[in-house]
Trainee: 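Take a look at the following structure, please.
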Amino acid sequence: MKNIVIAIDGTSASGKSTNSKLVAKALGYVYVDTGAMYRTLAWFCMQNRIDPHDAKAVAAACRKWKTKLECVEKDGLKSVHLLVNGYFPEKEIRTAEASLAVSLIAVIPKVREWMKKAQRDCIQFGDLVMEGRDIGTNVFPETDYKFYLDAHLEERTKRRAADGVNENLAARDQRDSQRAAAPLMIALGAKVLNNSNMTSAQTSGWLLKEIRAMLPATK
Ligand code: DC
């Protein structure tokens, strides 16, 4: 693996997105939101009336859909988009329906296989900061840069509510960590941070300090 991959896994609302973006921007690396890729498939199923409970139909959709990975730069942040028929459904993947459907399709082993390949393909764009649930354990297990973010349930619920989303995070945690295929867990060797009482400036500052201490002098 020539390029560097910083794997940032963790529970929902643990600050993965905000901090992964801050770290990617500071280092000039490419940000990859793997949750958005799962959400895009959930949206595609909804568009095509494919029942997200029907594992065979969802796996078949995965074999057939026309996708492309694209690296875009906006406001100083480079990020990867998964396009379907040339379109990135940025807003559509954040609806409550898409959130509900995504946790159903994310348990399907064929879906996880497809996603893993697409996520590994992102390395073509350069050094990466990739956030998700299974990046350090399953997608890039060979990387030395593994982080796991968490915060107390009450704090995470508060953060989601501040974003205008009321979600049962305890149920989501359970679904994410108890599924058979690539469940959410702390990767061996991952540096763990509980950021319940920290601001994002403090969390991203901690991540950057840890990462810079590990980076080779040439990077
Ligand atoms: O991070 P998010 O809420 O956008 O993730 C959406 C869903 O996708 C969530 O139910 C967990 C799942 N997911 C996953 O299983 N593996 C990943 N690497 C990223 C997300």
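None of the values given here were measured: they were computed from a predicted structure. For the numbers below, each heavy atom of this structure counts, side chains included, while hydrogens, waters and symmetry mates do not.
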Trainee: State, with a plain yes or no, whether a side-chain heavy atom of V32 is found less than 4.5 Å away from one of S79.
Mentor: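 They are not in side-chain contact.
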Trainee: So do the side chains of D173 and L153 get within less than 4.5 Å of each other, counting heavy atoms only?
Mentor: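 Yes - at least one pair of side-chain heavy atoms lies under 4.5 Å apart.
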Trainee: Only one of V139, I6, I8, V30 forms a side-chain contact (heavy atoms from CB on, under 4.5 Å) with M130, so which one is it?
Mentor: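 Option passing the side-chain contact (heavy atoms from CB on, under 4.5 Å) with M130: V139.
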Trainee: Do the side chains of V72 and K78 get nearer than 4.5 Å, heavy atoms only?
Mentor: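 Side chain of K78 against side chain of V72, heavy atoms only: no contact under 4.5 Å found.
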Trainee: Do K191 side-chain atoms and L207 backbone N/O form a donor-acceptor pair below 3.5 Å?
Mentor: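 Looks like no, no N/O pair under 3.5 Å.
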Trainee: Quick one: do I93 and L83 end up in the same hydrophobic cluster if we chain Ile, Leu, Val, Met, Phe, Trp and Tyr together by side-chain heavy atoms under 4.5 Å apart?
Mentor: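 In one cluster with I93: L83, no.
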Trainee: Tell me the closest heavy-atom pair linking A182 and N138, and the distance in Å.
Mentor: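 The answer is CB-ND2, 3.7 Å.
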Trainee: Looking at P183 and S177, what are the two nearest heavy atoms and their distance?
Mentor: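 Scanning both residues, the minimum pair turns out to be CB-O, 3.5 Å.
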Trainee: Are R159 and E155 within salt-bridge range, i.e. N to O under 4.0 Å?
Mentor: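 Salt bridge present between R159 and E155.
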Trainee: With side-chain contact (heavy atoms from CB on, under 4.5 Å) as the criterion, how do H152 and N194 come out once you've worked through the C-alpha distance, each side chain's angles and the decisive distance to 0.1 Å?
Mentor: CA-CA 8 Å; H152 302 314; N194 185 311; 3.7 Å; yes
Trainee: Would L169 and R160 count as a side-chain contact (heavy atoms from CB on, under 4.5 Å) here? Give the steps.
Mentor: CA-CA 9 Å; L169 287 179; R160 269 289 193 270; 4.1 Å; yes
Trainee: CD1/I4 to CG/L27 distance, rounded to the nearest 0.5 angstrom?
Mentor: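 Spacing of CD1 (I4) from CG (L27) equals 9.0 Å.
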Trainee: Compare every heavy atom of L69 with every heavy atom of Q124, then report the nearest pair and how far apart it is.
Mentor: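 Q124 and L69 have their closest heavy atoms at NE2-CD1, 4.2 Å.
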Trainee: Report yes or no: does D54 contribute a side-chain atom to a donor-acceptor pair with the main-chain N or O of A57 at less than 3.5 Å?
Mentor: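 Yes, because the side chain of D54 sits within donor-acceptor range (under 3.5 Å) of the backbone of A57.
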Trainee: Atom CD of E97 and atom OG of S99: how far apart are they, to the nearest 0.5 Å?
Mentor: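 Between E97 CD and S99 OG, I get 8.5 Å after rounding to 0.5 Å.
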Trainee: Under a 3.5 Å distance rule, please check whether D9 uses its side chain to pair with a backbone N or O of Y148 as donor and acceptor.
Mentor: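 No, because the side chain of D9 does not come within donor-acceptor range (under 3.5 Å) of the backbone of Y148.
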Trainee: Just by modelled atom types, is the G35 backbone N or O under 3.5 Å from a matching donor or acceptor in the D33 side chain?
Mentor: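 Checked: pair present.
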Trainee: Give the cluster check for L208 versus Y145: same hydrophobic cluster or not, with ILVMFWY residues linked at side-chain heavy-atom distances below 4.5 Å.
Mentor: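 As far as the 4.5 Å side-chain criterion goes, Y145 and L208 are connected within one cluster.
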Trainee: Please check if V111 and V84 belong to a single hydrophobic cluster, counting links between Ile, Leu, Val, Met, Phe, Trp and Tyr side chain heavy atoms closer than 4.5 Å.
Mentor: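 In one cluster with V111: V84, yes.
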Trainee: Quick one: SG on C45 to CG on D51, what's the gap to the nearest 0.5 Å?
Mentor: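 CG of D51 is found 9.0 Å from SG of C45.
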Trainee: Would you say the side-chain atoms of N195 pair up with the backbone N or O of A151, donor to acceptor, closer than 3.5 Å?
Mentor: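 Looks like no, no N/O pair under 3.5 Å.
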Trainee: Do D134 and K116 sit within salt-bridge range, that is, some charged N less than 4.0 Å from a carboxylate O?
Mentor: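 Salt bridge between D134 and K116, a charged N being under 4.0 Å from a carboxylate O: no.
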Trainee: If you apply the rule side-chain contact (heavy atoms from CB on, under 4.5 Å), what do you find for R112 with R179, and how did you get there?
Mentor: CA-CA 12 Å; R112 301 206 71 85; R179 66 169 171 247; 3.2 Å; yes
Trainee: Calculate, to the nearest 0.5 Å, the distance between atoms OH and CG belonging to Y31 and L77 respectively.
Mentor: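 Interatomic distance, Y31 OH to L77 CG, rounded to 0.5 Å: 8.0 Å.
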Trainee: How long is the span from the NE2 atom in H81 to the NZ atom in K68, to the nearest 0.5 Å?
Mentor: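 One gets 12.5 Å once the value is rounded to the nearest 0.5 Å.
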Trainee: Considering only heavy atoms from C-beta outward, does the side chain of I108 approach that of K56 to under 4.5 Å?
Mentor: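 Heavy-atom side-chain distance check fails, nothing below 4.5 Å.
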Trainee: At their closest point, which heavy atom of I105 faces which heavy atom of Y38, and how far apart are they?
Mentor: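 Closest approach of I105 to Y38: CD1-O, 3.4 Å.
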Trainee: Are L104 and V102 connected, step by step, through hydrophobic side chains (Ile, Leu, Val, Met, Phe, Trp, Tyr) whose heavy atoms are closer than 4.5 Å?
Mentor: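 Different clusters: L104 never reaches V102 through Ile, Leu, Val, Met, Phe, Trp or Tyr contacts under 4.5 Å.
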Trainee: Which heavy atom of Y29 sits nearest to which heavy atom of L215, and what is that distance?
Mentor: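 Heavy-atom minimum between the residues: OH-CD2, 3.6 Å.
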Trainee: Where the side chain of N3 meets the backbone of I123, is there a donor-acceptor pair that is under 3.5 Å apart?
Mentor: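 It does hold such a pair.
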Trainee: Considering only NZ, NE, NH1 and NH2 on the basic side and carboxylate oxygens on the acidic side, decide whether R39 and E90 come within less than 4.0 Å.
Mentor: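 No salt bridge links R39 with E90.
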Trainee: Starting at CH2 of W206, measure out to CD1 of I211 and round the result to the nearest 0.5 Å.
Mentor: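 W206 CH2 to I211 CD1: 8.5 Å, rounded to 0.5 Å.
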Trainee: Shared ILVMFWY cluster between L193 and L188, side chains joined below 4.5 angstrom?
Mentor: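 No, no single cluster joins them.
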Trainee: Identify all side-chain donor-acceptor contacts of residues 11-22 below 3.5 Å with residues at least two apart in sequence or on another chain.
Mentor:
unit_1: T11; atom_1: OG1; unit_2: D150; atom_2: OD1; d: 2.8
unit_1: S12; atom_1: OG; unit_2: R133; atom_2: NH2; d: 3.1
unit_1: S14; atom_1: OG; unit_2: T11; atom_2: O; d: 2.7
unit_1: S14; atom_1: OG; unit_2: L149; atom_2: O; d: 3.4
unit_1: K16; atom_1: NZ; unit_2: G10; atom_2: O; d: 3.2
unit_1: K16; atom_1: NZ; unit_2: T11; atom_2: O; d: 2.8
unit_1: S17; atom_1: OG; unit_2: E131; atom_2: OE2; d: 2.7
unit_1: N19; atom_1: OD1; unit_2: S204; atom_2: N; d: 3.3
unit_1: N19; atom_1: ND2; unit_2: G15; atom_2: O; d: 2.7
unit_1: S20; atom_1: OG; unit_2: K16; atom_2: O; d: 2.6

Trainee: List the atom of K146, the atom of T143, and the distance in Å for their closest heavy-atom pair.
Mentor: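 Heavy atoms of K146 and T143 come nearest at CE-O, 3.0 Å.
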Trainee: So W65 and T40, side-chain contact (heavy atoms from CB on, under 4.5 Å) or not? Walk me through it.
Mentor: CA-CA 11 Å; W65 67 339; T40 299; 4.1 Å; yes
Trainee: The criterion is side chain to side chain contact (heavy atoms under 4.5 Å, CB included); which residues satisfy it with M185, sequence neighbours excluded?
Mentor: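 Side chain to side chain contact (heavy atoms under 4.5 Å, CB included) list for M185, sorted by chain: T137.
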